[in-house]
Protein chains: 2
Amino acid sequence: MNMNKSERLSETTGNETSDLSKARLRAWLQILKVSRKIEGELREKMRTEFNTTLPRFDVLAALYRERDGMRMSELSKSLMVSNGNVTGIVDRLVAEGLIVRVPVENDRRASIVRLTAAGEKDFAERALVHEGWVSELFDDLSSGDADALIRILRNISHHNEAPHHD
Amino acid sequence: MNMNKSERLSETTGNETSDLSKARLRAWLQILKVSRKIEGELREKMRTEFNTTLPRFDVLAALYRERDGMRMSELSKSLMVSNGNVTGIVDRLVAEGLIVRVPVENDRRASIVRLTAAGEKDFAERALVHEGWVSELFDDLSSGDADALIRILRNISHHNEAPHHD
DNA sequence: CACAAATATTTTAGGTTTGAAATATTTTCA
DNA sequence: TGAAAATATTTCAAACCTAAAATATTTGTG
């Protein structure tokens with residue numbers, strides 16, 4: 001459980017919190033701060049330069065990686081948002097002609113969502129610009145720090161990975 | 001601007017992206033992933049254990065740090081959300097009796113929001129539990145990695161700090 | 001002083017998000 | 001086979017969130 005002396009102590013005495021748990025809280029608040037700041041900047045760029053929204057861009061990005069399409073449930077798991085949420089965003093992207101819903105052979109409950117030719121073209125162009133925006137926002141992030149960041153965050157991700165069924 | 005050779009090259013040739021910009025994009029996606037995962041877990045805890053929401057908790061936390069209260073605009077800046085957003089959340093917390101709006105002497109446009117006694121008591125208890133949740137979710141994060149994370153993220157924050165007027 | 005500009009907040013319209021309930025379909029198994 | 005359980009998705013109500021417009025008030029300036 002990765003406890004230091006003062007944390008073990010706190011288990012017996014009740015309510016105190018350890019230095020380590022305070023450091024972790026600070027780390028979390030800092031993650032949240034950066035995440036909100038960057039997301040806000042990107043949202044603004046998406047709106048003014050691309051006339052779209054982050055959630056829509058995220059869906060296109062997921063579908064661009066899976067060129068054969070994804071089920072609604074795969075999409076929602078991949079983006080870590082609820083099923084109902086994906087429904088609305090997909091509806092709007094379908095209305096814009098960037099994606100289509102395709103029925104699934106042998107399972108009439110499900111449908112697969114794929115990019116249209118227009119959606120593929122649109123996203124391919126925008127992805128490069130988007131990468132440029134991100135790189136500018138992270139201008140002070142050296143290659144070494146980027147790697148360190150990724151390593152530390154992956155550790156956290158893996159620890160909190162949902163246990164998969166089999 | 002922190003460019004390497006291939007990035008300088010790309011400026012002249014057009015559309016390619018450097019290894020560094022790709023590393024930064026990966027770092028950003030990883031931040032986003034962790035942020036969403038942790039936020040989801042905390043939201044769930046807030047709902048089931050505290051019968052409240054993250055945004056409300058965030059407002060209480062800000063007001064707990066500023067015991068004399070904050071203006072609406074200070075709150076929205078501190079939480080990095082829009083003014084209109086804060087209005088709605090504050091309305092609900094007022095309805096719950098956890099905070100109050102106090103008129104500001106000599107400025108009838110503004111109002112100050114403060115914790116009530118009940119709000120203060122409520123938050124003080126919950127903050128400790130919340131810190132415990134965070135520490136568990138970051139169980140694999142060592143003290144050294146927490147410090148490294150904070151350092152790197154602070155760098156990014158500062159680079160993207162809004163230039164203040166004077 | 002008058003009145004334009006600035007400031008603080010709320011309102012509004014539209015989109016995003018969730019969790020739970022509803023719908024439709026498929027699978028399981030007695 | 002045929003009902004119950006499981007699965008895939010949509011619908012729904014409530015909350016969150018933003019940008020822009022509206023409202024109210026204060027400040028600055030000729």
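All of these numbers come straight from a predicted model, not from anything done at the bench.
Between A:D107 atom CG and C:dT23 atom P the separation is 20 Å, expressed in whole Å. Atom-to-atom, CE of A:M46 to P of C:dG15 comes out at 17 Å; the value is rounded to the nearest Å. Atom-to-atom, CZ of A:R101 to P of D:dA8 comes out at 16 Å; the value is rounded to the nearest Å. Between the CE atom of B:M80 and the C1' atom of D:dC16 there is a distance of 16 Å, rounded to whole Å. Between the CZ atom of B:R71 and the C1' atom of C:dT10 there is a distance of 16 Å, rounded to whole Å. The nearest whole Å value for the distance from the CD atom in A:E105 to the P atom in C:dT26 is 12 Å. Rounded to an integer number of Å, the gap from CG of B:N83 to C1' of D:dA20 is 12 Å. Atom-to-atom, CG of A:N51 to P of D:dA19 comes out at 14 Å; the value is rounded to the nearest Å.
Residue contacts shown for B:S73 are limited to sugar-phosphate atoms, with no base heavy atom under 4.0 Å away. The residue B:G84 sits close to a base: some heavy atom pair falls under 4.0 Å. Nucleic acid contact for A:L54: none, since no nucleic acid atom lies under 4.0 Å from a heavy atom of the residue. Contact annotation for A:N85: base contact, defined as any heavy-atom pair under 4.0 Å involving a base atom.
For the residue pair B:S111 / B:R101, no side-chain donor-acceptor distance below 3.5 Å is found, with atom types taken as modelled.
Remark: A:R56 engages A:E96 in a salt bridge, criterion side-chain N to carboxylate O under 4.0 Å.
Remark: the B:R109 side chain and the D:dT26 base include no donor-acceptor N/O pair separated by less than 3.5 Å.
Looking at the side chain of A:T87, the nearest of the listed nucleotides D:dT10, D:dC16, D:dT25 is D:dT10.
A centroid separation of 6.0 Å or more is found between the aromatic rings of A:W133 and A:F138.
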**Request:** Kindly determine whether B:M72 and B:T87 satisfy side-chain contact (heavy atoms from CB on, under 4.5 Å), including the steps that lead there.
**Result:** CA-CA 7 Å; B:M72 295 298 285; B:T87 297; 3.9 Å; yes
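For B:R47 and C:dA20, the shortest distance from a side-chain N or O to OP1 or OP2 is below 4.0 Å.
Contact between B:Q30 and A:L153 at its shortest, heavy atoms only, is CG-CB, 3.5 Å.
When each of A:V81 and B:A110 is assigned the nucleotide of DNA chain C with its nearest heavy atom, B:A110 is the one assigned upstream, toward the 5' end. Of the two residues contacting DNA chain C, namely A:R92 and A:N106, the nearest-nucleotide position lying further toward the 5' end is that of A:R92.
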